[in-house]
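First the structure, in the form of structure tokens, and then the observations on it.
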There are 2 protein chains.
Amino acid sequence: MKTYSISEAAKYLDLTAYTLRYYDKEGLIPFVERTESGTRRFKEKDLDALRMIECLKSTGMPIKEIKHFIDWCSEGDATLQQRYDMFLERKACVEAQLEEMKKTIEMIEHKCRYYQTAVEAGTEDIHKGARLEFPEY
Amino acid sequence: MKTYSISEAAKYLDLTAYTLRYYDKEGLIPFVERTESGTRRFKEKDLDALRMIECLKSTGMPIKEIKHFIDWCSEGDATLQQRYDMFLERKACVEAQLEEMKKTIEMIEHKCRYYQTAVEAGTEDIHKGARLEFPEY
DNA sequence: CTAAACCCTACAGTTAACTCTAGGTCAAGA
DNA sequence: TCTTGACCTAGAGTTAACTGTAGGGTTTAG
């Protein structure tokens, strides 16, 4: 079965070897095995788990909470409900973030239009008389 | 014209007074005026500017870069193009984030289905034979 | 008039998530 | 054999963005 060194794994995951050692120290990847001399060997399955960790991280989940999930995984079927609840909560969280992001895009696009007009006119004064526009900033 | 104290402003913006003082120290809100005795008074317009700052922050823009934008605003029409470019870049950035978030939601939803089935079955073994499913984590 | 509840600054402390250094081991090529 | 490069650990350092403290001034309700 093909395995990867820490720097190869880092490259595939777009992380650094430092980061992977840090994750290991924090208990996120207890399943990564070592050679006799102590070198980590990452399996395909380990990379998949790390992709899941990166996914959770991208939802804003702190590393300590991700560790709880990893611990639950090691504890087996007794923790299935916790893990299910966790993912439901993550789903709600990320969907809320999505809504926030839509509002952000609205505001940014508004500003793009504002500045496009201003650049064309050569001055911001063109917006000074507008009723509900942001005047500056 | 109605104005707000730092703690009132903090309340409306869902921030703390500490954070507003910190933003001031970092040069994000040079436009906020003071009373004779040195107390900050926030105008409606200042709150709008702060909402824009929060918007930029939510796109992942660091405070030092937001300060550049604030500086450009103070420099007037000569910096319109920079500001326009900045918002175009923010737009691209946040749209990329949106795409990432869609992938994240996909993965999380997959896990929700995975664990729902497992909880119903009382064991994760139900997924052991699946071809392209993640086996664990 | 006084006491509580604000406000201020300067600066120290915190937290998360890395990031790097020092000092050492190990495996492969010239 | 020797040297180069990748690996290891422990632990220190960094960075961003707050968060809190100490010491002092001001405003307002009773």
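In what follows, chains are A, B, ... by sequence order, proteins preceding strands, each numbered from 1.
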Query - With B:Ala92 via side chain to side chain contact (heavy atoms under 4.5 Å, CB included) - residues at least two apart - result: none
Report summary line: B:Lys57 has its side chain closest, among D:dC18, C:dA17, D:dT21, to D:dC18
Report task. Return no unless some side-chain N or O of B:Tyr23 is found under 4.0 Å from OP1 or OP2 of D:dC18. Result -> yes
Report task. Starting at the 5' end of nucleotides 3-15 of chain D, put B wherever the base has a protein heavy atom under 4.0 Å, S where only the sugar-phosphate does, and a dash everywhere else. Result -> ---SSSB-B----
Query raised in the report: Considering residues at least two apart in sequence or located in another chain, which fulfil the side chain to side chain contact (heavy atoms under 4.5 Å, CB included) criterion with A:Arg113?
Result: A:Glu109, A:His110
Identify every side-chain donor-acceptor pair in residues 61-70 of chain B under 3.5 Å, counting partners at least two apart or on other chains, and give the distances.
{"residue": "B:Lys67", "atom": "NZ", "partner": "B:Asp71", "partner atom": "OD1", "Å": "3.0"}
{"residue": "B:Lys67", "atom": "NZ", "partner": "B:Asp71", "partner atom": "OD2", "Å": "3.1"}

Requested in this report: Nearest whole angstrom, please: distance from the C1' of C:dA17 to the CE of A:Met61.
Outcome: 16 Å
**Report entry** Cationic N near anionic O, under 4.0 Å, B:Glu8 to B:Lys2
**Finding:** no
Query - Partner set under side chain to side chain contact (heavy atoms under 4.5 Å, CB included) for A:Lys43, not counting sequence neighbours - result: A:Met1, A:Thr3, A:Glu33, A:Asp46
Requested in this report: For B:Glu65 and D:dA16, give me the distance from atom CD to atom P, rounded to whole Å.
Outcome: 11 Å
Query raised in the report: What residues, two or more places apart in sequence or in another chain, satisfy side chain to side chain contact (heavy atoms under 4.5 Å, CB included) together with B:Glu54?
Result: B:Leu15, B:Tyr23, B:Lys57
Report summary line: Sorted by position of nearest nucleotide on DNA chain D, 5' first, the leading residue of B:Tyr18 and B:Gly60 is B:Gly60
